[in-house]
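First the structure, in the form of structure tokens, and then the observations on it.
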Amino acid sequence: MDFFVDHAVGFALACAAVAVLYGLYLTWWLLKQPAGNEKMQEIAGAVQEGAAAYLRKQYTTVAVVAIVPFFLLGFYDKLGWGAAFGFLIGAVFSAAAGFIGMNVAVRSNVRTAEAAREGLQPAFKVAFRAGSVTGLLVVGLGLLGVAGYYSILTDWIGNSPESAVDDLIGLAFGGSLISVFARLGGGIYTKAADVGADLVGKIEAGIPEDDPRNPAVIADNVGDNVGDCAGMAADLFETYAVTAVAVMLLGIGFAGEGSDLWLYPLALGGISILSSVIGTFFTRVGGGPNAIINALYRSVIVATVLSAVGFIPVTMAYDGGDYDFWNLYGAALIGLAVTFLLVAITEYYTGTRWKPVKDIAKASQTGHATNIISGLAVGMQATALPVIVIATGVVGSYYAAGESLYGIGVAVMAQLSMAGLIVALDAYGPVTDNAGGIAEMADLPEAVRGITDPLDAVGNTTKAVTKGYAIGSAGLAALILFDEYGRGLGEDGLDTIFSLDDPWVIAGLFIGGLMPFLFASLAMQAVGRVGGQVVEEVRRQFRENPGIMDYTARPDYSNAIGIVTGSAIREMMAPALIPVLIPIVVGIISVEMLGGLLIGTIVTGLFLAIAMTSGGGAWDNAKKTIEDGLYGGKGSDAHAAAITGDTVGDPYKDTAGPAINPMIKIANIVAILIIPLLVSIHG
């Protein structure tokens, strides 16, 4: 059993290599699949070109922005070049996970549409394997970055474990910075294009979704990939890496004599990667009305069970010192249970087969206002059960580990260790969505849409499930980072108590509570502004080129793509600065005030993000159920009301809500990084 202690880093690196290599194999397999006829390939090529152009511009912009923190970290003697190069590694790996995963996705959409000619199982197999590439890259590169850089710092450079883990904070910051830009930029892009396409195409012109006559249709398909593939991949990479680093920091603080407790999260991550790879083989579609989603969840359940079994020998290796086997294993099991419950709860509030979505669809019969009211209510209700689960998990893991915060850290790492398959469920969504769009635009037989539409409907639910999972884990990870902020101040000689008797703490709670609302409002306004530009462009083309509607003229897709690309990059900058600048300013004023700010951001951010993502997902699927024939189907008054709800919910669930996740953690990481500055000011 000592293997998992003596060779924890090597084991983690080997498992990370397995994830990356298996992802490369799946990529090779996907690219071997037939890509359809010439028209299908032309449409897919336009999506590929638009997505690649956007990401190149986004990452070029972010690279310029990242120069400043890189040199600030490097030249600041209290942090140094170890943290600076960690920042660079985190940023590059986060960008790579999104960029590679998205490139595979935009090449798999047309192959999914072509496979749909052969039936449900072949199309499902292509779509799920495409999503699995992104998921495996997230955990593979995440563990490779954390374990690899730790190994370089300790084995090659000769740093102590404590110093090496401190430098890993820079890696976490790099991943977080890329993540918030990817989430914001991708979210603004996808929803502005979607809103613009829907408002003019579906409502004003009365043409179907994905109709090739819509000048914004290619931009809409591009947006699915830059938002839900690249954005989610960067988001979960950041959450995974930040959690691993945070738990290693806790391990350094709580390790007893002769214990290497900080290596325990790396071993847990390695076990779950192997379990996730095995889980991908258990996704064959069976029979019944819920066959598709059951196949997806089967892979997650198999991987979760295998992880629970695999954690046993790993935990036995770390049994001793201040923590025995059941202290650690009990906390890990609680983390896996929290994962299962968050997935199940989000599925209930956003799935087409459950009451919340049916209630929104029913409310659509009486108009646009009742649809909006019902959707807002569902989003608010959807916060209750996840928060109860998270609160129970926090208390349970704390006591499972003998009243130790390290138990919460173990639970969060166990939860995040399943990110590979959860991200696969998310990335599966845009692949099937694009496949349906290609089938529509290429005028494929109705039987093909009969395959791609059910796949797409499930994808809407899985995307919402992934966001719920990411937000829940972000809240728990941020709690660990908050503890590190307080301990870091104490270690540097500035003992601080965050008490509700202190007016500075209370003031910080209010400012921190404000931040997610301000952040979300700026993101929503950005979608509205850019979406308005797309609306004007689509209207202009319809007005100036009437031949578009009778198929005698081809729309200029590139104009809409260019508008959204440039505007999304500009609009993402202002909200992205909020979690960086406000904590610095508040910390300079008062360290107690900053502590209150961090807790306030975690609490209100968790509620707001869950309400937005679950409410938006429910709105989307309520529209889907009506389009499938409920309450008059497409073209009915209920359908028009559902489109309005979906249009409002789009920036909720795909822009503002998910971006709150990295925002919370960036604020906490910035607080940790500026501890030396705060000590020099307030010490």
Side-chain angles (χ1 to χ4, degrees), residues 1-16 73 77-90 93 142-175 240-271 314-315 317-323 327-328 331 401 404-410 412-413 416-417 477 480-481 483-492 669 672-673 675-676:
M1 295 299 177
D2 288 343
F3 170 83
F4 291 109
V5 176
D6 298 337
H7 304 286
V9 176
F11 174 72
L13 290 173
C15 293
L73 291 171
D77 58 356
K78 298 288 186 179
L79 296 170
W81 292 105
F85 282 104
F87 169 83
L88 196 62
I89 292 170
F93 276 34
L143 197 57
L144 184 65
V146 174
Y149 193 49
Y150 175 85
S151 177
I152 290 171
L153 291 170
T154 54
D155 297 338
W156 294 10
I157 299 178
N159 289 0
S160 67
E162 293 82 359
S163 173
V165 174
D166 284 343
D167 286 342
L168 285 175
I169 299 173
L171 185 148
F173 181 47
Y240 186 92
V242 166
T243 300
V245 172
V247 181
M248 291 178 77
L249 283 167
L250 278 180
I252 290 288
F254 285 92
E257 186 69 28
S259 169
D260 292 338
L261 205 59
W262 58 89
L263 300 179
Y264 182 54
L266 300 182
L268 292 183
I271 289 292
V314 171
T315 306
Y318 289 88
D319 182 5
D322 295 333
Y323 302 94
N327 287 148
L328 299 176
S404 170
L405 192 68
Y406 187 69
I408 301 175
V410 170
V412 183
M413 188 62 206
L416 258 299
S417 71
I480 302 169
L481 292 170
D483 175 75
E484 184 57 32
Y485 169 69
R487 289 199 305 115
L489 288 172
E491 289 173 0
D492 281 7
I669 292 171
I672 294 172
L673 287 172
I675 285 174

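Just so it is clear, the model here is predicted, and its values are computed rather than measured.
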So which heavy atom on [X] is nearest to which on [Y], and how close?
| X | Y | result |
| --- | --- | --- |
| G270 | C15 | O-SG, 3.4 Å |
| V247 | G409 | CG2-O, 3.2 Å |
| P161 | Y150 | CB-OH, 3.5 Å |
| A331 | G407 | CB-O, 3.4 Å |
| Y406 | P265 | OH-CD, 4.0 Å |
| L171 | A241 | CD2-CB, 4.1 Å |

Heavy atoms, side chains only, cut-off 4.5 Å: are [X] and [Y] in contact?
| X | Y | result |
| --- | --- | --- |
| V9 | L266 | yes |
| V146 | Y240 | no |
| Y264 | T315 | yes |

Once you round to the nearest 0.5 Å, how far does [atom1] of [X] lie from [atom2] of [Y]?
| X | Y | atom1 | atom2 | answer |
| --- | --- | --- | --- | --- |
| L405 | R487 | CG | CZ | 8.0 Å |
| L261 | M248 | CG | CE | 11.0 Å |
| I672 | I169 | CD1 | CD1 | 5.5 Å |
| D166 | I252 | CG | CD1 | 8.0 Å |
| T243 | L416 | OG1 | CG | 4.0 Å |
| I152 | N159 | CD1 | CG | 11.5 Å |

- Hey, does the side chain of Y149 reach the backbone of G82 with a donor-acceptor pair shorter than 3.5 angstrom?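 Yes, Y149 side chain to G82 backbone: donor-acceptor pair under 3.5 Å.
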
- Query: Does the Y323 side chain pair with the main chain of S404, one donor and one acceptor, at a distance under 3.5 Å?
  - Reply: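 Absent.
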
- Message: Working note: L73 + F85, criterion side-chain contact (heavy atoms from CB on, under 4.5 Å); need CA distance, chi angles, decisive distance, verdict.
- Response: CA-CA 9 Å; L73 291 171; F85 282 104; over 6 Å; no

- Item | Test side chain to side chain contact (heavy atoms under 4.5 Å, CB included) applied to Y318 and L328, N327, L268, the passing residue | L328

